[in-house]
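Numbers restart at 1 for each chain; the letters A, B, ... are given by sequence-line order, proteins then strands. Source: prediction; values computed, not measured. Side chains are part of it too, since the values below use all heavy atoms of this structure and drop only hydrogens, waters and symmetry mates.
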Protein chains: 2
Amino acid sequence: MKELIEKYREIGFKLTPQRLAILRFLKGNTSHPTAENIYRQIKEVYPTVSFATVYNTLQALVDRGEVTEVTIDSQKRHFDPYPKPHHHIICIECNKIGDVFKDYSDALKLPKNILKEFKPVRNHINFYGICRECQKIGGIKYGNMSKSRAGCREF
Amino acid sequence: MKELIEKYREIGFKLTPQRLAILRFLKGNTSHPTAENIYRQIKEVYPTVSFATVYNTLQALVDRGEVTEVTIDSQKRHFDPYPKPHHHIICIECNKIGDVFKDYSDALKLPKNILKEFKPVRNHINFYGICRECQKIGGIKYGNMSKSRAGCREF
DNA sequence: TACAAATTTAGAATTATTATTATTTAAAAA
DNA sequence: TTTTTAAATAATAATAATTCTAAATTTGTA
Ligand SMILES: [Mn+2]
Ligand SMILES: [Mn+2]
Ligand SMILES: [Zn+2]
Ligand SMILES: [Zn+2]
């Protein structure tokens with residue numbers, strides 16, 4: 001925790017108890033929480049925290065590159081507190097999200113005509129497929145839910 | 001147009017003038033419009049169309065796999081009427097979106113431990129980088145806009 | 001032409017996110 | 001330690017994208 005506090009103080013990030021609670025929750029977290037997920041968790045330890053503070057803190061962290069956004073769900077923003085670059089697997093039946101820690105950059109050469117006008121900086125892959133549970137139930141359980149609108153669970 | 005009408009009638013998609021206007025607008029379109037973009041366009045030719053109809057039609061098309069969703073912008077849903085599978089380039093300065101027609105699937109093998117429980121079906125790559133215009137202006141013009149929240153333009 | 005089922009529409013409702021502002025507080029200065 | 005001040009919090013209002021509702025209309029078919 002000392003490291004955590006030092007780190008943020010150095011970058012001029014004012015540390016409040018609310019923010020510390022959020023930072024502690026996010027540290028080492030490999031899930032992909034929404035602002036609401038985080039809000040609920042933080043309320044357990046800090047019951048008076050407000051939703052606005054969660055949003056403010058998340059935005060501050062995104063601006064500083066400490067947290068990224070995972071763009072997979074058009075309903076709500078999902079955040080990714082895990083710092084190392086990685087890709088994601090998404091179940092097309094139940095919408096669970098998982099991490100893929102493998103760098104494919106060498107294989108991802110853009111066509112020459114695009115490279116003439118576009119300077120790539122980073123890339124991100126979404127692998128869509130069927131998770132273990134959904135393979136078992138053969139898509140029956142979630143088969144009737146609108147795929148594109150279904151809520152996102154986590155692996 | 002005859003083919004268009006036939007095609008949808010066959011799959012039991014009831015064709016109204018509103019839907020035809022939308023289908024004509026989307027056909028061969030390689031942009032990534034929001035519901036609002038489409039609504040504005042359709043109103044030009046069909047002034048009494050309602051927003052709900054645009055949303056309804058888009059959802060019907062997505063459900064039938066005729067249109068996909070591009071998950072890049074957490075503010076609004078963007079749709080992709082171009083039928084062939086492809087990837088996208090996104091400018092991190094101005095948020096323009098472009099297409100990449102190249103199949104990388106052979107190079108995108110998932111790690112074995114993931115393949116034990118996840119059956120991949122398809123993949124999608126986002127290439128983030130700097131577009132030609134933004135290279136020219138050196139990021140000054142859009143340099144002060146919040147990257148993650150800026151609106152999306154199109155290539 | 002008549003019918004049943006699906007679609008359209010306007011407007012209301014919902015919901016995620018952002019903005020406002022008075023109050024509080026962290027951290028630097030004295 | 002006390003003071004100071006810029007920044008953060010919290011409650012609430014505002015905004016904006018999307019979905020819902022229900023009555024009227026239209027499509028495709030018999
Ligand atoms: Mn992740
Ligand atoms: Mn596209
Ligand atoms: Zn699943
Ligand atoms: Zn650009």
**Prompt:** From the list C:dT9, D:dT18, D:dA10, which nucleotide is the closest neighbour of the side chain of B:Ser50?
**Reply:** C:dT9
**Prompt:** Rounding to a whole Å, what distance do you find between A:Asn56:CG and C:dT17:P?
**Reply:** 13 Å
**Prompt:** If you measure from CD1 on A:Ile38 to CG on A:Leu26, what distance do you get to the nearest 0.5 Å?
**Reply:** 5.0 Å
Pull out every protein N or O sitting under 3.5 Å from an N or O of nucleotides 27-30 of chain D, one pair per line with the distance.
{"unit_1": "D:dT27", "atom_1": "O3'", "unit_2": "B:Leu15", "atom_2": "O", "d": "3.4"}
{"unit_1": "D:dT27", "atom_1": "O2", "unit_2": "B:Lys14", "atom_2": "NZ", "d": "2.9"}
{"unit_1": "D:dG28", "atom_1": "OP1", "unit_2": "B:Arg9", "atom_2": "NE", "d": "3.4"}
{"unit_1": "D:dG28", "atom_1": "OP1", "unit_2": "B:Arg9", "atom_2": "NH2", "d": "3.4"}
{"unit_1": "D:dG28", "atom_1": "OP1", "unit_2": "B:Leu15", "atom_2": "N", "d": "3.3"}

**Message:** How many whole angstroms separate atom CD of A:Glu69 from atom P of C:dA16?
**Reply:** 15 Å
**Item:** Residue list, side chain to side chain donor-acceptor pair (under 3.5 Å) with B:Thr53, at least two apart or on another chain
**Value:** B:Ser50
**Message:** Let me spell it out: for each of B:Phe51 and A:Ala52, pick the nucleotide of DNA chain D with the closest heavy atom. Which residue's pick is nearer the 5' end?
**Reply:** A:Ala52
**Item:** Separation of D:dT9 P from A:Gln18 CD (nearest whole Å)
**Value:** 5 Å
**Message:** Going by salt bridge (charged side-chain N to carboxylate O under 4.0 Å, His left out), name the residues that satisfy it together with B:Lys76, two or more places apart in sequence or in a different chain.
**Reply:** B:Glu36
**Prompt:** Could you state the CD-P distance from A:Gln59 to D:dA7, rounded to the nearest angstrom?
**Reply:** 17 Å
**Item:** Set of side chain to side chain donor-acceptor pair (under 3.5 Å) partners for B:Tyr128, sequence neighbours left out
**Value:** B:Asn126
**A:Tyr8: partners by side-chain contact (heavy atoms from CB on, under 4.5 Å), with sequence neighbours left out** = A:Leu4, A:Ile11, A:Phe13, A:Leu15, A:Leu23, A:Leu61, A:Glu66
**Whole-Å gap separating C1' (C:dA26) and CD1 (A:Ile5)** = 13 Å
**Item:** side chain to side chain donor-acceptor pair (under 3.5 Å) against B:Lys109, all qualifying residues, sequence neighbours excluded
**Value:** none
**Message:** The criterion is side chain to side chain donor-acceptor pair (under 3.5 Å); which residues satisfy it with A:His86, sequence neighbours excluded?
**Reply:** A:Asp80, A:His88, A:Asp99
**Item:** Nearest-nucleotide pick for A:Tyr55, side chain only, options being C:dT9, C:dT18, D:dA10
**Value:** C:dT18
**Message:** Looking at C:dT9, I'd like to know if its phosphate oxygens (OP1 or OP2) sit under 4.0 Å from a side-chain N or O belonging to B:Thr48.
**Reply:** yes
**Request:** State whether a side-chain donor-acceptor pair under 3.5 Å links A:Glu69 with B:Ser74.
**Result:** yes
**Residues forming a side-chain contact (heavy atoms from CB on, under 4.5 Å) with A:Asp103, sequence neighbours excluded** = A:Ser105
**Message:** Tell me the interatomic distance from B:Lys76, atom NZ, to C:dA16, atom C1', rounded to whole angstroms.
**Reply:** 15 Å
**Asked** End-to-end bend of the helix from C:dT1-D:dA30 to C:dA30-D:dT1 (five-pair axes, 10° rounding)?
**Response** 30°
